[in-house]
Every structure is written in structure tokens, then in C-alpha cells.
Number of protein chains: 2
Amino acid sequence: MCPANVVSAEKQQPLETINLNQGDPTMFVEYWKKAGEKSSVVIPGWQNLSYYPNDNVDNICWFLEKEFSDEVKKLHEVVGNAITKDRYIVIGTGSTQLYQASLFALASNDDNNHDSSSKPMDVVSAVPYYSSYPAVTDFLKSGLYKWSGDAYKFDDKNEPYIEVVCSPNNPDGHTMKQVVNGFRGKLIHDLAYYWPQYTPITKPADHDIMLFTVSKSTGHAGTRLGWAIVKDEKLARKMTKFIELSTIGVSKDSQYRAATIMRAVTESAQSISLHLAGNFFEFGKKTMVGRWDRLRKVASENGAFSLPEYQKQYCNYFGEIREAHPGFAWLKCNLENVGDCDSLLEGKLKILVRGGKNFGMDYRKFVRVSLIDQEDKFQMLIDRLSTVSSSTKIKA
Amino acid sequence: MCPANVVSAEKQQPLETINLNQGDPTMFVEYWKKAGEKSSVVIPGWQNLSYYPNDNVDNICWFLEKEFSDEVKKLHEVVGNAITKDRYIVIGTGSTQLYQASLFALASNDDNNHDSSSKPMDVVSAVPYYSSYPAVTDFLKSGLYKWSGDAYKFDDKNEPYIEVVCSPNNPDGHTMKQVVNGFRGKLIHDLAYYWPQYTPITKPADHDIMLFTVSKSTGHAGTRLGWAIVKDEKLARKMTKFIELSTIGVSKDSQYRAATIMRAVTESAQSISLHLAGNFFEFGKKTMVGRWDRLRKVASENGAFSLPEYQKQYCNYFGEIREAHPGFAWLKCNLENVGDCDSLLEGKLKILVRGGKNFGMDYRKFVRVSLIDQEDKFQMLIDRLSTVSSSTKIKA
């Protein structure tokens, strides 16, 4: 399975396995360690006992704290990456829960003439699609919706369907648009990575359902918090109903903490106050640019791997022309005698990655590697990739 | 719909609506306001970025913080209400999510000869059952399981089925055992209210899957945290998989905070340290006993309502013979000319309650009223119930 001519790594001590499978955003720890008290929260024992929000505002999403939704709107306003005016905010336990809430809302919507006795609604996304979509869509064998794979191959355009548009795309970082364009299609835009540290912000996104998450925006994956920006009131109500039935709302501790974190990011991004840690997005961009430079250098030096190229575009947030520096490397292995690229990385280099087949690719030369983990792990990735012998380079 | 002879309330100013529909445990705010710094947490901005636990322990439930699971075990040990030795702890975003995780694990378990092409597994519970079970079971029209109503009426005993045993029962507070007793039955024990403030602790519970929640144990519903105690490793793995697919784990902020709160409860329950607020369970029991006394007095004085009676039992935790003082009143309306009891309470008395039909009762004379809300609301409940004219008393 693994090629004999990947030699250098074998001469060394047994390698420690490093996990770059998940997009665990621990890279941002460095920033937050410098950020100081503004990003810290204190929660006394008597707080957050009720299911209901502290601020008794009549909101469609009845478990949403106004403080959190205010900070969401301010952050989008400052970054310019999404329209929030006259939109509904629905909060979820991470954007994964909101993805399911969106499916539920779209597939059970009265307007689509898709009654409950009919077959489950098709859910598609363009290959390579985010690896979790199929399992998250199908694990309960719902009668409302079912995963139907690659949007490019979908042709049942007379029935209602749902297309998930992930942009920038996880795993490959490209800007995406819908591809099916059927007249009965419903769209979910997964914009988890549409932030200035990863990609040029070319315009405020303005779609029917847009999903965001604190994991990838501020780096707080452990807080398990996402939000949806929704145009249609009925859909927002149905998504809220889903979260109510699934988990009776969303942790108020997480909402309170995330509001504080987002406020710190917004203020740093506006340079309202002197931050020890500086502008959060500058930190993020600088780190990502540095990592991509090092990664591209290794790839070009040994020729064993290649990486996607990204178009340069004007970024409204930074006021400059720049290219994307995505949170994942969508790495293509050019070694002819490597059966699949994940076996090479996992078996020989002891780097846990996510193989291309998880993203709907038949062709096994691709893997997704997280670039947003801590510096020591990223350096190990660079070191190990550089041990692959360039003499074995054969274009696939 | 509403009787003409409920007179007293009508003479007053328009009543403010009070919501006692949900079991919102804000009664405990009084305790936690006195509890001081031991129950308070500080979370700096750099904490909880990763999806993974802070303590890198190899656990079947990969997103479970060891600190939280340690506190769960200590609390059960001190209270004596559940066996945790040699059991797996699975954490969830409230016990509602763990209920679904249990259904998923039991219905997709390889051992039950219930292959994926077969019909959904029946899920039943004895009437009156917790009102959320039907909707939470059926909202995604899962092909794995489906709600099949009253366990007393279930007779398809040759197929695998799931029985949910809620004890003390929500809504009526009675201690429950399984009722179907089919040889292919799987059991979920929902023990949310098996705590000394509500009921005598007669023995440590020891079932295959037991569900608990911080909402009802410590009063922190807004923290959205529950835990399951599971005997079988395979089931624990499948439940973990459910939570992974549903929400990629559980808020670490909530886990960290709940661990702190539970430590404070355990220490107060052991009287390890001098607590300003005293023993948490003493506070809870005293409050519940006081409320039930006031409620029973009103009921006996006007005769318009009746309440369940509970058997006296020896409570190992308090070392005394006592009866249950449940978190809900399962109120029966004795007025002959009242169509349904929730219309009387909601329409005339402006008290939002949950009508008996939500709990599978055809007979409309019952409502569930929360007794764990704040004192001012409870006093309003007592005041308004006492306005119902006793002269209209007619046994239904």
C-alpha cells in the first residue's frame, strides 16, 4: 500500500502521530492568550438558570440572547461579509445543528408542495463537498430529506431539492456558487470560512439561509455555537422549532461567552481600543499567509504534492488585492506509486488527515489537511512533508 | 368553554399572564445567590478553543471533560441515587439530546436483529408520559424508530421495542417501573427528577441507560447539559456517535461551569465546608415541602382541585421517612362544568400550564403546573387557585 521509495521518514525515530484530520482551530490560542481580560468572562452560580434569555425580548428564536445577536450583527457590519439588516438570527449548537435545522425547515415547509407522505427531499452539494454532509443528513434515516451526493450529477430538477453551497469550500477553499439551478431548488449557504483571515471579502453575502460558526470565525470550537442568518420568517420559525426539539435551545453560558469574544474581535477589528493582541483578523491573515508560504515552498521543492491556486481578488475588509489562504490544504499527491494519498500521510508520515473519498472524490490522490492547528503541529507537518523524496516525483 | 361560576378572578384588575407551562427551575436562584464564589467560574478567552477535552483522557465519549465526569460520579456517590462504577458516562446538550441518542443507539444496535430495511422500532411510555417524547421521537420521521404511544396499550411484543420509564414520572411524580415486560424490550430510564429535593432516594438506580440533567438536579437549565450512565460499551459508543453527528460534541464552557456547580452541590451535601447557603438538597426539599403544603391547603379548602397522593418511603439520603414533593403538580380539576382544565387555568386564571392531552390523556380534567419557578410566580398561582369558588365544587 505504501511506497518503498518514501525513504527519509523511515530512518528516523518512530514518529508521534499528529492529528490534522479535524479543523481544530487551536491556532488562535496564541492570539487569545495575549487578548487579556476583555475576552474573559465571569459567570456566577445564580446566572443562566432559566431556559429563557436574560433579556426578555420577544424573539422568533425564543432561546436567543439579545446580547449575542447584537454582537453577531456588529461583527458582520464591521467585517462586511454578510447582510443582517431585516434578517432573522437563529442560534444553534454549532453550525452542524443549524445545517440540520435548515434541512428540517426547508423539507417540511408548506410552500414547497412536498407533503409528508411523499419521498424524502434530495440534498446535494458540489464535489468535493464537506465530508460531514452525507452522514449528518442520513444518520437518522429521515423521511423528510436524504443525501443525494454530487450536485454536478443531480438531474431530478422537477422535484424540490436542497443544494448546499459551501463557500469558501471545505475542503478546497474555492469560492462557490449553486450549480444545479433548478427552479424548485432551495439553497443553504454554509459560510463558515467566509472571514478575512481565510479569503478576500468581496461583498456582503445575501442568501436565504447563511450559516456561520464561532469555531472558524473566532476559533472557539469548544464553545459549540453557530448562527444562521435567515430571510424568511417562516423558515426561521421552523429552524427554531428544530433546535427546540433537538436540544431545547442552546447553552446560555456559551452564548454569553461568545458575545464577549465577538465583542473583543469587533473592537480589535475597528481598532476602537488598544489591544495588546492587535487586530484579530490581521493576526489570522498573517498566520495563514505565513503557513501557506511555507507549505507552498515544501510542495514546490519536492514536487511530490501540489496545492490549489486561488484567484487574486480585492478584499473590502483589508482594502487590498489578495488571494485566499484557506484553513485546509487540499493536497494532491503526485507520486505515481501511491495507492491513496491518505495511506501515505497516515501510514508513513503519521499525520492523520481526511482522505478525498470522504469528500465524494473517486480519485484517491487528494487529502484534506488542517492548517489551523497549533504551530508545533504545523511545523511537524512541514518537516514530514519535506522528507518525502523528490526523486520519486511522477505527475499523476 | 370557561364556566360562568368562576367568579372571583373576574372582579379584579386584568391579570398578568404567568407561565408555569415549562419546568423552568428558577426557584434555585435563591440558593445560588447565597452560594458565593465557590459556584462562580472565570473563563479566559484562550480556554476551550479545541473540540477535544482539556484533559487528554482516552474516553469513549471523546468530547467529555474528565472534570465533569468526575463530578458526576462524586455527586451520585454522595446522593446515592445511581450506580456509576464500571459504567460509561455520555454527555449531551441536555437530556433531550441524550434521549434521542439512546433511541438511535438502541434502534441501530446490531444485536437486536433489527436491520435497517425493516420498519422503525416502536417507542412507548406509560400514560401519562412526558409530553415531549412524541414530538422529539417523530419530528424527523426517522426510519429507525417511531412513537407508538401508551406502554399500557402496547401489545406487539414479538418485535424489538423501546420503553421509556420516567421515574419519578413527569408529569405526575409517581415512581415508575417498566410495564410492557416483553422479552425483546429495550429500556431507557429518564431519571431527571430522581433527586432528594423531589422524592425519597430509596436505592441507587442501576439500569442499562439512565438519563440525568443539570436542569433539574442543580437548577441550571440554561447550561443545557445532561448525562447518561450506560452499562454497555457498544451503546455508549453509538450514543457518542449520535452526539458527534448531531452537534459535534457538547459545549465545553457548559461542562466546565457544570463541573464547578456540581462540586459546590456535592460539598454542600457532605457539609465539607461551611456554606453560606447550606445544604443544597435541604434547601430544595424545604422549598418543595413548603410549596406542596400551601398547594394542598388551597386544594383542600376550595375543593375545586385535587392532587396525587404519594406513598411515604424511607429516604437513604435524608435518613427519614418522607413522601415525594414533585417539581410539578398534576392537578385534577373537580368542577363539573369545566370542559378542560387548561382552559380554566389559562383562560380565566391566566396561568399557562400544560394540558393533560399533551401527556397522552384523553380525559381533560388534568393539567401539569410547574412548582419550581420563582416564589412570586408560585404565590400568584396559590392566590389565583384560591379565587376559584368552592361553592361550585362537584366531583367529576
Side-chain angles (χ1 to χ4, degrees), chain A residues 22 24-26 28-33 35-52 92-94 96-97 100 104 116 120 132 135-136 139-144 215 219-225 241-242 245-254 257 260-261 264, chain B residues 22 24-26 28-33 35-52 92-94 96-97 100 104 116 120 132 135-136 139-144 215 219-225 241-242 245-254 257 260-261 264:
Chain A
Q22 220 162 349
D24 203 25
T26 48
F28 296 100
V29 168
E30 276 182 64
Y31 180 88
W32 292 111
K33 284 207 167 169
E37 283 198 3
K38 277 221 163 179
S39 62
S40 178
V41 295
V42 181
I43 314 180
W46 53 266
Q47 248 188 27
N48 304 344
L49 274 80
S50 176
Y51 289 97
Y52 297 98
T93 310
T96 295
Q97 193 183 32
Q100 293 160 78
F104 172 79
S116 61
S132 290
V136 169
F139 75 121
L140 290 176
K141 301 184 193 301
S142 173
L144 298 175
S215 299
H220 292 77
T223 293
R224 307 305 316 117
L225 216 60
K241 190 69 189 173
F242 176 95
L245 289 166
S246 170
T247 52
I248 322 186
V250 174
S251 166
K252 289 168 69 172
D253 305 329
S254 289
R257 184 168 183 235
T260 304
I261 296 286
Chain B
Q22 220 162 348
D24 203 25
T26 47
F28 297 99
V29 167
E30 274 182 66
Y31 180 89
W32 292 112
K33 285 207 166 168
E37 283 198 4
K38 276 220 164 179
S39 62
S40 177
V41 296
V42 180
I43 314 179
W46 53 265
Q47 249 189 27
N48 304 345
L49 274 79
S50 176
Y51 289 97
Y52 297 98
T93 310
T96 295
Q97 192 183 31
Q100 294 161 77
F104 172 79
S116 60
S132 290
V136 169
F139 75 121
L140 291 176
K141 301 183 192 301
S142 174
L144 298 174
S215 299
H220 292 78
T223 294
R224 306 306 316 119
L225 216 60
K241 191 70 190 171
F242 176 95
L245 289 166
S246 170
T247 52
I248 322 185
V250 174
S251 167
K252 290 168 67 172
D253 306 328
S254 291
R257 183 166 186 236
T260 304
I261 295 286

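Letters go in sequence order (proteins before strands), and every chain restarts at 1.
The choice from A:Q97, A:K241, A:Q22 that makes the most heavy-atom pairs within less than 4.5 Å of chain B is A:Q22. Put simply, of A:V41, A:T96, A:V42, the one with the most heavy-atom pairs under 4.5 Å next to chain B is A:V41. The candidate from A:S215, A:S246, A:G94 with the greatest count of non-hydrogen atom pairs under 4.5 Å with chain B is A:S246. Chain A forms the most heavy-atom pairs under 4.5 Å with one residue out of B:D24, B:N48, B:L225, and that residue is B:D24. With chain B as partner, the option from A:G36, A:A135, A:P44 having the largest number of non-hydrogen pairs under 4.5 angstrom is A:P44. The greatest number of non-hydrogen atom pairs below 4.5 Å with chain B, out of A:T223, A:V136, A:V29, A:T26, is found for A:T223. Contact count against chain A (heavy-atom pairs under 4.5 Å) is highest for B:S50 among B:S40, B:S50, B:S132, B:G219.
Residue contact with chain B, scored on non-hydrogen atoms closer than 4.5 Å, involves the backbone and the side chain of A:T247 alike. With a 4.5 Å cut-off on non-hydrogen atoms, A:I261 touches chain B through its side chain but not through its backbone. Contacts between B:Q100 and chain A at a heavy-atom distance below 4.5 Å involve the side chain alone, from C-beta outward. At a 4.5 Å heavy-atom cutoff, A:E37 makes no contact with chain B through either its backbone or its side chain.
The shortest side-chain heavy-atom distance between B:P25 and A:Y51 falls under the 4.5 Å cut-off. Counting heavy atoms from C-beta on, the side chains of A:W32 and B:Q47 never come closer than 4.5 Å. Between A:T93 and B:R224, the closest side-chain pair of non-hydrogen atoms is not below 4.5 Å. Between A:E30 and B:W46, every side-chain heavy-atom pair lies at or beyond the 4.5 Å cut-off.
At distances below 3.5 Å, at least one donor-acceptor pair connects side-chain atoms of B:S142 with backbone N or O atoms of A:L140.
Here the closest non-hydrogen pair linking B:F139 and A:F104 is O-CE1, 3.4 Å.
Paired with A:D253 under the rule side-chain hydrogen bond (donor to acceptor under 3.5 Å, both in side chains), one option of B:R257, B:H220, B:K252 passes, and it is B:R257.
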